[in-house]
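Below is one structure, written out as structure tokens; comments come after it.
Please read all numbers here as calculations on a predicted model, not as lab measurements. Any value given below was found using the heavy atoms of this structure, including those in side chains, with hydrogens, waters and symmetry copies removed. Note that the numbering runs from 1 along the sequence shown for the chain.
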Amino acid sequence: MKIPAPRGPVSATLIDLLRNRGGTGHANAYGSLNLLLDEALAATADLLRDEDLQLTLFCLYELHYSGLDGVEDAAEWDPELIRVRARLETAFEDVLRRAVPVPELPAPESEAVAETLFRLAADDDGPSVSRFVASKASVEQLREFLILRSVYQLKEADPHSWAIPRLPVGRAKAALIEIQADEYGGGRVERMHSKLFGTTMEGLGLDSGYGYYIDQVPALTLASSNAMSLFGLNRRLRGAIAGHLAAFEMTSSIPNSFYARGFRRHGFSDDVTYYFDEHVEADAVHEQIAARDLAGGLAEAEPDLLADIIFGAATVLAIDALLGEEQLNAWQAGESALLPLVNDGGPAAPAVTAAAGGVTS
């Protein structure tokens, strides 16, 4: 992925460090990065919407996915960067655990867990982006909708696949692999959901390269992606990533039918809407597997993970509600839901000067 433009002193220092690992001032840069992180964590009033800190965490996570252009692969396991990531993760997880409302826990039995998850999904009354897309969104708003979703959809299934080796052999792992096999196209590249989403983007004249629009994506959308990576990359949170996927699948089928309707309303072809049509059918099946076999099966196999399974599911709904509110508020006010770009192509964000400390700029 291209290296994004920094959005504040922490992301500026990290990006400068990544570009110059091993260069002059390299050793001092870690100290500067940690000092700036201390200051930013102490000062932030809303970590979920903090452009600088969410972009910093997103960049650190990208080292574990396809990487960042020009950054050596070895940066993935740089112990100093892992330490910075862990400090950000601790703060981020603390915010999520305080902000996400979690229902009363059921018995650690498959049917009881599934019933709780279905009730959680049914009670979700967050702002409906899908209904707006179906009935009111302009073509430009459809493009913004795709750009915002591209952060996850162009690497669809990857964050949840971290859970595969972390689950015990049994019902939950079998269910996870069954779902993921469909997400990856069942061995057919043209059926991979990430590939289908790229086709949809191209149908609206957008670039389908992963991360092409990253500088226009607000912090809250990055936070949604970061939550998946947080849950997926930490074995202790394997219950949360299982619950996250379950809720993701259980809240997908009906909204995707509305998305398809919105694109057809503007005359787009079946090739463009196929991504959404595919999810209407596939996720109607996946939601049963995800609720009963993945989430329910894991709760039965590892009852100690029950609270995190429900927490992971509730996190999907809580962040989606915030995202929906932010998007709809912008669109209904006649504004863009994307970050504005400045003359150099980067986002219009707070000061982006790398801190002193030997890091070249």
> What residue pairs, at least two apart or across chains, pass salt bridge (charged side-chain N to carboxylate O under 4.0 Å, His left out) with a residue in residues 233-249?
Replying inline: Glu93-Arg236, Arg238-Glu302
> Hey, mind stepping through Asp123 and Arg119 against salt bridge (Lys or Arg N to Asp or Glu O under 4.0 Å) and telling me if it holds?
Replying inline: CA-CA 6 Å; Asp123 291 344; Arg119 190 184 316 119; 5.5 Å; no
>> Quick one about Tyr184 and Ser161 (side-chain donor to acceptor, distance below 3.5 Å, no hydrogens or angles considered), yes or no?
In response: yes
> Taking a hydrophobic cluster as the set of Ile, Leu, Val, Met, Phe, Trp and Tyr residues connected by side-chain heavy atoms closer than 4.5 Å, whether directly or through intermediates, do Leu305 and Leu96 fall within one such cluster?
Replying inline: no
> If you group Ile, Leu, Val, Met, Phe, Trp and Tyr by side-chain heavy-atom gaps below 4.5 Å, do Ile310 and Met228 land in one group?
Replying inline: no
> Between Glu156 and His279, do the side chains contain an N or O donor and an N or O acceptor separated by less than 3.5 Å?
Replying inline: yes
> Among Leu142, Val139, Asp270, whose side chain to side chain contact (heavy atoms under 4.5 Å, CB included) with Phe263 holds?
Replying inline: Leu142
>> Using the rule side chain to side chain contact (heavy atoms under 4.5 Å, CB included), only one of Leu88, Leu230, Leu222, Thr56 pairs with Tyr61; which is it?
In response: Leu230
> Are any of the side-chain nitrogens in Arg191 or Asp182 under 4.0 Å away from the carboxylate oxygens of its partner?
Replying inline: no
>> How long is the straight-line distance from OG of Ser225 back to CG of Leu57, given to the nearest 0.5 Å?
In response: 9.0 Å
> Step by step, would you call Tyr30 with Arg83 a side-chain contact (heavy atoms from CB on, under 4.5 Å)?
Replying inline: CA-CA 10 Å; Tyr30 295 116; Arg83 193 160 74 94; over 6 Å; no
> Are side-chain N/O atoms of Tyr259 and Asp277 paired as donor and acceptor at under 3.5 Å?
Replying inline: no
> Parallel under 30°, tilted from 30 to 60°, perpendicular over 60°: which one fits the rings of Phe145 and Phe276?
Replying inline: tilted
> If only atom types and distance count, is the side chain of Asp215 paired as donor or acceptor with the main-chain N or O of Ala5 below 3.5 Å?
Replying inline: yes
> Atom OG of Ser11 and atom CG of Leu55: how far apart are they, to the nearest 0.5 Å?
Replying inline: 5.0 Å
>> Determine whether a donor-acceptor pair (N or O, by modelled atom type, separation under 3.5 Å) exists between the side chain of Arg7 and the backbone of Gln54.
In response: no
> Can you hop from Leu323 to Phe258 via hydrophobic side chains spaced under 4.5 Å?
Replying inline: no
>> Strictly by side-chain hydrogen bond (donor to acceptor under 3.5 Å, both in side chains), give each pair with a member in residues 205-214 just once, sequence neighbours left out.
In response: Glu62-Tyr210, Lys155-Tyr210, Glu202-Ser208
>> Is it true that, when you exclude Asp73 itself, more than 12 heavy atoms of the residues, nucleotides or ligands shown sit nearer than 6.0 Å to its CG?
In response: no
>> Could you check whether Phe197 and His193 have their ring centres less than 6.0 Å apart?
In response: no
>> So that I know where these two stand, are Tyr65 and Trp162 an aromatic pair - ring centroids less than 6.0 Å apart?
In response: yes
>> Looking at Arg49, I'd like to know if its CZ atom is crowded, meaning that more than 12 non-hydrogen atoms belonging to other residues, nucleotides or ligands lie closer than 6.0 Å.
In response: yes
>> Tell me whether the rings of Tyr152 and Phe248 are parallel (<30°), tilted (30 to 60°) or perpendicular (>60°).
In response: perpendicular
